[in-house]
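To find a chain, count down the sequence lines: A is the first, B the second, and so on, and within it residues start at 1.
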Amino acid sequence: MPTPDPAAEPDLERVRVEDLPDHVGRDVRLRGWVRHFRSSGKIAFLEVRDGSGEVQAVFPRDQVDDGSWETLDEVHYEASVEVRGTVEEDERAPGGHEISATGLTLVGPSEDYPIQPKEHGVDFLLDHRHLWLRHPRQVAIMRVRNEVVRAIRDFYYERDFVLIDTPILTGSIGEEAGTLFETEYFDEGAAYLAQTGQLYAEAAAAAHDRVYCFGPTFRAEKSKSPQHLTEFWMVEPEVAWLDSEGNMALQEEFVTFIVKRALERCGDELETLERDTGPLETVLSERFERMSYTEAVESVRSDGVEIEWGEDLRGEAEKALMEGRSRPLFVYDWPKEAKAFYMKVNPEDPRTVKCDDLLAPEGYGELIGGSQREDDHDILLSRIREEGLPEEAYDWYLDLRRYGTFPHSGFGLGVERTVAWICGTEHVRECIPFPRLTNRIEP
RNA sequence: UCCGGGGUAGCUCAGUGGCAGAGCGGGUGGCUGUUAACCACUUAGUCGCGGGUUCGAAUCCCGCCCCCGGAGCCA
């Protein structure tokens, strides 16, 4: 039998794997990539993945034409193919459905595909990130990320927040010096990649009352940890007339919304990832705990961790603090010195500022950093001077306090950390399609 | 930057002073229901780089590079 030209069978309906159960008994064609293949002499099996799922195609020798049978010999891992055949229910097939194939076309061969169905080292996988993305585990993580991003946009849209896209190229303005990526900008001197969109979002909050920005941010920190990227996505709402208390309430509502959405819509993905969803379920059941920084210091001291008031709660201290907790924890009102210049000085205790960190359980660290912003012009200016920041660059920012200043608060949530926590991955590098790390800018 | 672990076939690794190895992948052949199939044969090396010790170094010593984990720094 000659190989049929697929174009000559225009009536053959093309289906996606997820729609196969609705096509039992029908002749169809399916396009995708070969995830795995086995041959038994007179019968061969291809596992084909098409983005909507995976299905096994069965090729008995006496059922397929000669050309298709020879094509089977040329099929390797991740070759792209078109399979033609009949959809059948079969208990022996993974997923319960299979294609009893009659024809096969090799669309794109795939010689020596580097990634095998076995364990690989992280460095090798990151070198092949463009291919690693095809792995079921990576597919699942990206789908969770997709759903988290949708949840973020839905959450703010439903609450009448206006999306404000803040610039990525900025002048010398940010949270602090020393961790900015620098590039030349025509005759204007240096430009810097944005560490945050917050300052711009604050300007827009005076126009719209409630806004958010959502995009990539950049930090030139030589951090080597499972929670750091040099390029990461952050969503930063900014709300007029909101105080620190209300800010935490918004954060809690937001995080709960995202987790709930992921549990509702990503059950299959979390199963693929073998994520124990128990800890995530408890997030939805009760309020998040709140603890002042001072209380937190006392708490970790009683656990035997040596720490001075004023130090950051990292590493061992954070571990001790989160020990035995299954829900995120707010730590609020931190020492001024440990935090950014724009945070509002606490009138009740000027050593501290009105801010909060939201710490994730299970060792996932800081999901959110938020604060009420300093709305007094003179205090803000003195804070800028104290931190030794370039005053001229912050002149427009100070304008916001000169013209109709207003109490306002906001926060930033790291998307990759959130996805890592929901997916249960060991490292945020798996939670963004093409991670940028201190030692990696390709692919 | 510091501490620890590591770098041997395309991949994952074993080999700690005496012939360079295994599994997977690739290739060839066999097998009509496989599930990371199985069986047989086969292919494949700058033992990270440079120097040194030794009759002899993947193995011991010195320097350097790179990766991973932790610390630091930080969302």
Which nucleotide in the list [options] gets nearest to the side chain of [X]?
| X | options | answer |
| --- | --- | --- |
| Phe232(A) | C11(B), C31(B), A75(B) | A75(B) |
| Pro226(A) | G33(B), C31(B), G70(B) | G70(B) |
| Arg38(A) | C31(B), U34(B), G33(B) | U34(B) |

Under 3.5 Å, which protein N or O atoms sit close to an N or O of nucleotides 22-28 of chain B? Give each pair with its distance.
unit_1: G23(B); atom_1: N2; unit_2: Lys118(A); atom_2: NZ; d: 2.4
unit_1: C24(B); atom_1: O2'; unit_2: Gln116(A); atom_2: OE1; d: 2.7
unit_1: C24(B); atom_1: O2; unit_2: Gln116(A); atom_2: OE1; d: 3.3
unit_1: G25(B); atom_1: O4'; unit_2: Gln116(A); atom_2: OE1; d: 3.1
unit_1: G25(B); atom_1: O4'; unit_2: Gln116(A); atom_2: NE2; d: 3.4
unit_1: G27(B); atom_1: OP1; unit_2: His76(A); atom_2: NE2; d: 3.0

Can you tell me the Watson-Crick or wobble partner of [N], both distances under 3.5 angstrom?
| N | value |
| --- | --- |
| G23(B) | C11(B) |
| U34(B) | none |
| U28(B) | A40(B) |
| A71(B) | U1(B) |
| U54(B) | none |

Could you tell me how far apart [X] ([atom1]) and [N] ([atom2]) are, to the nearest whole angstrom?
| X | N | atom1 | atom2 | value |
| --- | --- | --- | --- | --- |
| Leu125(A) | G10(B) | CG | C1' | 14 Å |
| Ile43(A) | U32(B) | CD1 | P | 9 Å |
| Gln56(A) | U32(B) | CD | C1' | 13 Å |
| Asp62(A) | G33(B) | CG | P | 12 Å |

Using a 4.0 Å heavy-atom cut-off, does [X] contact any base of the nucleic acid, only the sugar-phosphate backbone, or nothing at all?
| X | value |
| --- | --- |
| Arg429(A) | sugar-phosphate |
| Pro114(A) | nothing |
| Gly365(A) | nothing |
| His427(A) | sugar-phosphate |
| Glu98(A) | base |
| Ser39(A) | base |
| Phe124(A) | sugar-phosphate |

Closer than 4.0 Å, any side-chain N/O of [X] to the OP1 or OP2 of [N]?
| X | N | value |
| --- | --- | --- |
| Asn439(A) | C67(B) | yes |
| Arg92(A) | U32(B) | no |
| Arg314(A) | A71(B) | no |

[X] NZ/CZ over [Y] ring centroid, <6.0 Å and within 45° of normal:
| X | Y | result |
| --- | --- | --- |
| Arg351(A) | Trp309(A) | yes |
| Arg61(A) | Phe59(A) | no |
| Arg210(A) | Phe161(A) | yes |

Open item on the list: I need the Thr230(A) OG1 to Asn439(A) CG distance, nearest 0.5 Å.
Closed with: 9.5 Å
TODO: Hey, could you give me the CZ/CD1 distance between Arg261(A) and Ile422(A), rounded to the nearest 0.5 Å?
DONE: 11.5 Å
Task: Atom P, compared across C47(B) and A58(B): separation rounded to whole Å - done: 8 Å
TODO: Write down the distance separating the C1' atoms in A44(B) and A20(B), rounded off to the nearest Å.
DONE: 12 Å
Open item on the list: Just to verify, which of Val297(A), Leu321(A), Asp356(A) counts as forming a side chain to side chain contact (heavy atoms under 4.5 Å, CB included) with Met291(A)?
Closed with: Leu321(A)
- [ ] Using the test ring-ring contact (aromatic ring centres under 6.0 Å, His included), find all partners of His120(A) that sit at least two apart in sequence or belong to another chain.
- [x] Phe124(A)
